[in-house]
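These numbers come from the heavy atoms of this one structure, side chains and all, not from hydrogens, waters or symmetry mates. Labels below follow one simple rule: chain letters A, B, ... track the order of the sequence lines, proteins then strands, and each chain is numbered from 1. All of these numbers come straight from a predicted model, not from anything done at the bench.
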Amino acid sequence: MEKENLRFVIVGHVDHGKSTLIGRLFYDTDSLPEGKIEEIKQICESLGKDIEFGYVMDHLAEERDQGVTIDTAQTFFRTDKREYTIIDAPGHVEFIKNMITGASQAEAAILIVDANEGVKEQTRRHSYILKMLGLKQVIVTINKMDLVDYSKDRFNEVKKELIEFLDKLNIKPSYIIPISAKEGDFIAKKTENLKWFDGPTVLDALDSFSKEESLIDRPTRFAVQDVYKFDERINAGMVLSGLIKENDEILVLPSKETTKVKEIKEWLKAPKEAEAGKSIGIVTEDGLFLDRGCILTHKDEEQPKITSAVKGHLFWLDREPYKKGERVLFKLSSQEIMGELEKIERVIDSSTLETLREDADEIKNREVADVIIKLSSDVVFEDFNDIPTLGRFVLERQDTCAGGIITEIGGKTNVI
Amino acid sequence: MDHLDELESKSIYIIREAYKKFRKIAMLWSIGKDSTVLIWLAKKAFFGNVPFPVVYIDTGKHFKEMYDFRDECVKKWDLNLIVSDNIDESDKKGISPEDKLDCCTARKTDALKKTIDKYKFEALLLGIRRDEHGIRAKERIFSPRNKDFRWDYKNQAPELWDQYKSQKESEQHLRIHPLLEWTEIDVWKYVKRENLPVNSLYFAKKRDGKMVRYRSLGCVPCTSPMPSKATNVDEIIKEIRESKIAERSGRAQDKEEAQAMQKLRALGYM
């Protein structure tokens, strides 16, 4: 039986110990390649430093010289239960776009807080991003307990401060664990230093998490990526949710034309059906002209929403601010439509959650905003909580400049 | 769907996105296991056709088994092969494998530059993986290079979910990495599941009196085999699972100095 794989991201303020925790997870699960520790020791000695577990992940010369993670990276380890992909995310405010890049690929998160410093600017901003990305499986670790003499009182103080903030975001962490990544307390093993703590280690907590459930039981959605004309016209794309079968009566959105699935295409196979997550091709019965961005659904199931003005909540990720009137490319699943922010209802500081401006004219780097996006044609979408791919979007100026989720779905509002 | 199904579908999605955005696209094929998997995924993405050229960079220093394997696959899979090389110039300049950084740059990176100039490719599909090397772990799936082939690793654009960037004017070409999330074990499990052809260099046999196999393929002077008894794919999977030796430990250019891979990649190396 194939072991499953869970992807989790480690986030938190700069210097609170994310890369060190990863190095420690590797070391304690015996996952480091031979010679790696020796290599790191040598580099640390040449830089005149004590051994830094962080160097397992921080590979760029600049990262090692400055002791700061610049870009997100992924690495792999396994426990008896499953395989893990660890996503390391930089904690410095400058690299927030890299942090979101990493976190957007995760199914679970570890938020790390320095026991000495407590909750800091990026602790709050990263928490906010976890919330926005819809990550529900969260472990909080209060790190560097060795620096506060493994004090239970200090642990409780930081825990209280953090929970007050997370409550505002409606984030309920699954575990809050005191650790020392440097010394190896409560990462893979329980230690005497923290004998007053009766919760799980970080590894046990991770093993208790579950894989994201398959979307096979949701209404069927298929996003057309491209149309190929080899011997016949094949609509290539991915099943986003549900199950699509040969002879299914389907609806093409947003045009609302109807047709039938003549054949499901996969090279060297002749499948009768395809489930959520699968990249396939579809041949329709009457050769209806489909194009990239069409969303196919089952005629008799609940339908997604269609509109040319969406309400969204977005995180601006470009140094160049957005100014009212600018047109940008709106991308949602395989749909790509030009649009502009018709109204910037509210701009929020992504760390303090303070409202900065209402009915604003611009959004600056790292600010968050509630907006109304006016599009040049209809877009098909639905609730992020039901089918994530159809509820989230990015804005593009050739590079991605913002990411967000749709907050109003048929009169119902999703609170962020 | 199991983990391999998920990886396969995601990679096909990425390959199709790349082809949708860039019709002037090619795939880089090193003859190794990863880029051979990549060709297979492209065939799946386009229902048996590979609608773009496959570029092989000939350093003139590869193993004979690699040339043989290449010709066998080209025939079997009906590939449009472009052979790219900078052998004459490298030889003329007297660049030898002794100077690893210069040699890789001249024989691989510069050869690729010539080919991109000639064919005006806007994008290249490559089979690199994050678990191969810490520097590759920092890559994006869509990763731009400027006209000097520089990788601006300090200022990479955000890449959210399954949304990939477009090309800017300042970007000479994009490197696209559909296998970034795969691990070495995933690749071998997939080779087994799909029954893909495997270069004989990967299997252990007596070479110079010792049972050894190549775990990563490159040029003869800079690639060393490792002791191994794995003579089939199952045994390779078992060996990697138990091994604590890094995959590219037999590749000399990675180890020239602490940050060699970063320097090579910043200059446009794969």
So for [X], is it side chain, backbone, both, or neither that comes closer than 4.5 Å to the heavy atoms of chain B?
X: L329(A); value: neither
X: D30(A); value: both
X: R319(A); value: side chain
X: I216(A); value: neither
X: A276(A); value: backbone

Within this structure, what is the [atom1]-[atom2] distance for the pair [X] and [Y], rounded to the nearest 0.5 Å?
X: D2(B); Y: N5(A); atom1: CG; atom2: CG; answer: 11.5 Å
X: F393(A); Y: W161(B); atom1: CZ; atom2: CH2; answer: 7.5 Å
X: K20(B); Y: E336(A); atom1: NZ; atom2: CD; answer: 8.5 Å

Salt bridge present between [X] and [Y] (N-O < 4.0 angstrom):
X: E17(B); Y: R292(A); result: yes
X: R23(B); Y: D226(A); result: yes
X: K278(A); Y: D5(B); result: no

Between [X] and [Y], is any pair of side-chain heavy atoms under 4.5 Å apart?
X: Y228(A); Y: R16(B); answer: yes
X: I12(B); Y: I280(A); answer: no
X: T85(A); Y: E181(B); answer: no
X: S166(B); Y: E396(A); answer: yes
X: Q167(B); Y: Q398(A); answer: no
X: R78(A); Y: T183(B); answer: no
X: L160(B); Y: I100(A); answer: yes
X: K97(A); Y: N155(B); answer: yes

How close do [X] and [Y] get, counting heavy atoms only, and between which atoms?
X: Q163(B); Y: K331(A); result: OE1-CE, 3.3 Å
X: G277(A); Y: S9(B); result: O-CB, 3.1 Å
X: W267(A); Y: K43(B); result: CH2-CE, 3.4 Å
X: E6(B); Y: K211(A); result: OE1-NZ, 4.3 Å

Under 3.5 Å, side chain of [X] to main-chain N/O of [Y], donor-acceptor pair present?
X: K10(B); Y: S279(A); value: no
X: T101(A); Y: P158(B); value: no
X: T400(A); Y: K165(B); value: no

Can you tell which of K168(B), R136(B), K44(B), E8(B) has the highest number of heavy-atom pairs within less than 4.5 Å of chain A?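 Counting heavy-atom pairs under 4.5 Å, the top option is K168(B).
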Greatest number of heavy atom pairs closer than 4.5 Å to chain A - which of A45(B), S243(B), A157(B), G48(B): G48(B)
Evaluation steps, side chain to side chain contact (heavy atoms under 4.5 Å, CB included), between R140(B) and N98(A): CA-CA 10 Å; R140(B) 297 283 196 264; N98(A) 300 336; 2.7 Å; yes
Proximal component of [X], with respect to chain A [non-hydrogen, under 4.5 Å]:
X: D131(B); result: both
X: I15(B); result: neither
X: R129(B); result: neither
X: F46(B); result: both

Give a yes or no on whether D148(B) atom CG has more than 12 heavy-atom contacts from other residues, nucleotides or ligands under 6.0 Å away.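 Yes, enclosed.
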F77(A), CZ: over 12 other non-hydrogen atoms inside 6.0 angstrom: yes
Decide yes or no on side chain to side chain contact (heavy atoms under 4.5 Å, CB included) for R130(B) and T75(A), but give the supporting numbers first. CA-CA 7 Å; R130(B) 285 200 173 106; T75(A) 184; over 6 Å; no
For chain B, which of E83(A), E266(A), Q105(A), K269(A) has the most heavy-atom pairs under 4.5 Å?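 The answer is Q105(A).
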